[in-house]
Amino acid sequence: MTRSFSSRPVRPRRSVLYLPANNSRALDKLPGLSCDSVVFDLEDSITPGAKDQAREALRTFFSDGRAASLPAGMEKVIRINALSSPWGAEDLLAARGCKPDAILIPKVDAPEDILAVDDALDQTDAPAGLRLWAMIETPRGVMNAGQIARMARSDGARLDCFITGTNDLLKETGVAALPGRPWLSPWLMQIVLAARAYGLDVLDGVYNDFKDEDGLTRECADGQAMGFDGKTLIHPAQIAAANRAFGIAPVELAQARAIAEAFALPDNQDRGVISLGGRMVERLHLEMAERLIEKAKRIEARQGGDQDT
Ligand code: COA
Ligand code: MG
């Protein structure tokens, strides 16, 4: 089985909101939000003393119908504590029982960290549709990103997506948190490249200053230019900026449609390269155009209005 950039499933992950699992007001607010995905957090945003209560709150949210009534298309992900921590095994069992779309594993250093979760899920006969996401947020995780991503190529692998954990990476390395992320960017690009090499989605880290809209907008634009699929977020007020930055501009969609239409003309059907509006267009551009058109369709289906505040 091989997965490459063009064979990855198309799924909008423009805005991925963390939500501490024990925050009942935030859970109440969720149905009105237009993020593409939500990560219910049992890890860093929950203190050790509150872990059991957060896990129970999550179990209840998923069993009493509230999770099922979230907007169609809002992807549900649960971030567990590492299996090596005192809470990891219990979190994994609870997450498995909740039947989310994916489980997010924190602080992944090496492929074995994912294999351990994968094996544990297989032992409970978890369906193949239950996917795994990995946080790359430690120095070893960044150094091993290629090997970790390579797991996505093994048969039956559940790995779908990388998230860059920029706060942990800054903490672990001592790198300065500067606007424009000059010293962090080489590592972020390494993570993007590893993800792309093996057909994974990859999401940018969070922007902590949730009242600074201009700063967030700039960082979203940087992340989009760096090749990320979307941004992880900490506050509902950040959703609209991420949806804009990682969405599809009308002019981009029009260009993609023009490419698809040009290759569909009878004269061009057997041609590898054509000329369109004075520019060379190859079949690889057709593949990119088709993905973009598909993504635009899914975004349109997902659109719930930007009422996030
Ligand atoms: N998801 C959903 N709703 C959220 C939310 C989130 N992540 N963060 C805040 N809200 C809700 C609040 O509950 C509040 O709802 P209300 O109007 O019904 O009271 C509303 O949005 C406004 O929140 P606000 O008062 O501006 O923020 P706050 O002071 O309550 O919380 C944070 C600020 C940063 C503590 C909070 O946003 C948060 O916990 N974010 C996630 C942190 C996290 O998960 N970190 C780990 C990954 S890095
Ligand atoms: Mg972290």
Side-chain angles (χ1 to χ4, degrees), residues 13 15-48 50-51 53-55 57-58 61 66-67 70-71 74-85 87-88 91 95 100 102-109 113 133-142 145 148 161-173 175 177 184 187-188 191 202-213 215-216 219 223 228 230-243 304 306-309:
R13 289 178 174 142
S15 48
V16 176
L17 178 68
Y18 286 107
L19 194 160
N22 62 353
N23 184 336
S24 56
R25 288 188 76 116
L27 288 171
D28 287 346
K29 207 170 179 71
L30 191 55
L33 302 181
S34 56
C35 49
D36 286 332
S37 319
V38 54
V39 176
F40 300 98
D41 189 26
L42 295 170
E43 200 223 11
D44 280 348
S45 68
I46 309 291
T47 56
K51 296 283 186 197
Q53 185 240 328
R55 205 184 295 119
L58 199 60
F61 183 80
R66 279 178 292 164
L70 288 174
M74 187 190 280
E75 192 172 28
K76 299 181 275 294
V77 182
I78 296 176
R79 181 163 79 171
I80 61 173
N81 286 278
L83 279 193
S84 56
S85 75
W87 314 282
D91 284 355
I103 293 174
L104 172 58
I105 312 169
K107 301 183 177 67
V108 170
D109 276 337
D113 295 328
W133 292 16
M135 304 269 335
I136 305 295
E137 54 185 343
T138 62
R140 268 181 287 171
V142 176
I148 297 166
C161 187
F162 275 171
I163 293 185
T164 57
T166 38
N167 281 331
D168 269 287
L169 212 42
L170 292 173
K171 169 177 162 261
E172 294 299 318
T173 58
V175 158
L184 200 56
W187 297 332
L188 299 184
I191 298 169
V202 59
L203 305 173
D204 200 356
V206 298
Y207 189 74
N208 296 332
D209 190 352
F210 61 85
K211 301 219 160 144
D212 174 12
E213 210 180 315
L216 172 69
E219 199 167 280
F228 285 108
K231 191 154 181 74
T232 47
L233 310 172
I234 49 166
H235 192 280
Q238 298 183 316
I239 295 172
N243 281 351
D306 283 342
Q307 72 269 51
D308 319 302
T309 48

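All ligand and atom numbering here is 1-based and tracks the order in the structure.
By the 4.0 Å N-to-carboxylate-O rule, Asp36 lies too far from Arg13 to be salt-bridged with it.
Contact atoms of ligand 1 toward Phe210: 33 (C), 34 (C) (distance under 4.0 Å to a heavy atom of the residue). Shown in contact with Leu19 at under 4.0 Å from a heavy atom are these atoms of ligand 1, numbered in order with element: 1 (N), 2 (C). For ligand 1 and Ser45, the ligand atoms under 4.0 Å from any heavy atom of the residue are 43 (C), 44 (O), 45 (N), 46 (C). Taking a cut-off of under 4.0 Å to the non-hydrogen atoms of Ala26, the atoms of ligand 1 that pass are 1 (N), 2 (C), 3 (N), 4 (C), 13 (O). Those atoms of ligand 1 with a heavy atom of Asp41 less than 4.0 angstrom away are 46 (C).
Scanning Gln238, Arg79, His235 for the heavy atom closest to atom 46 (C) of ligand 1 points to Arg79.
Between the Gln238 side chain and the Tyr207 main chain, a donor and an acceptor come within less than 3.5 Å of each other. A donor-acceptor pair under 3.5 Å is absent between the side-chain atoms of Asp91 and the main chain of Arg55, judged by distance alone. Distance alone, capped at 3.5 Å, is enough to place a donor-acceptor pair between the Thr164 side chain and the Leu203 backbone.
Within the 4.0 Å heavy-atom cutoff, Leu30 does not count among the residues contacting ligand 1.
On a distance-only criterion, Tyr18 and ligand 1 share at least one N/O pair closer than 3.5 Å. The shortest N or O to N or O distance between Ile234 and ligand 1 is under 3.5 Å.
With 2.8 Å as the limit, Asp168 counts as an N, O or S neighbour of the Mg ion (ligand 2).
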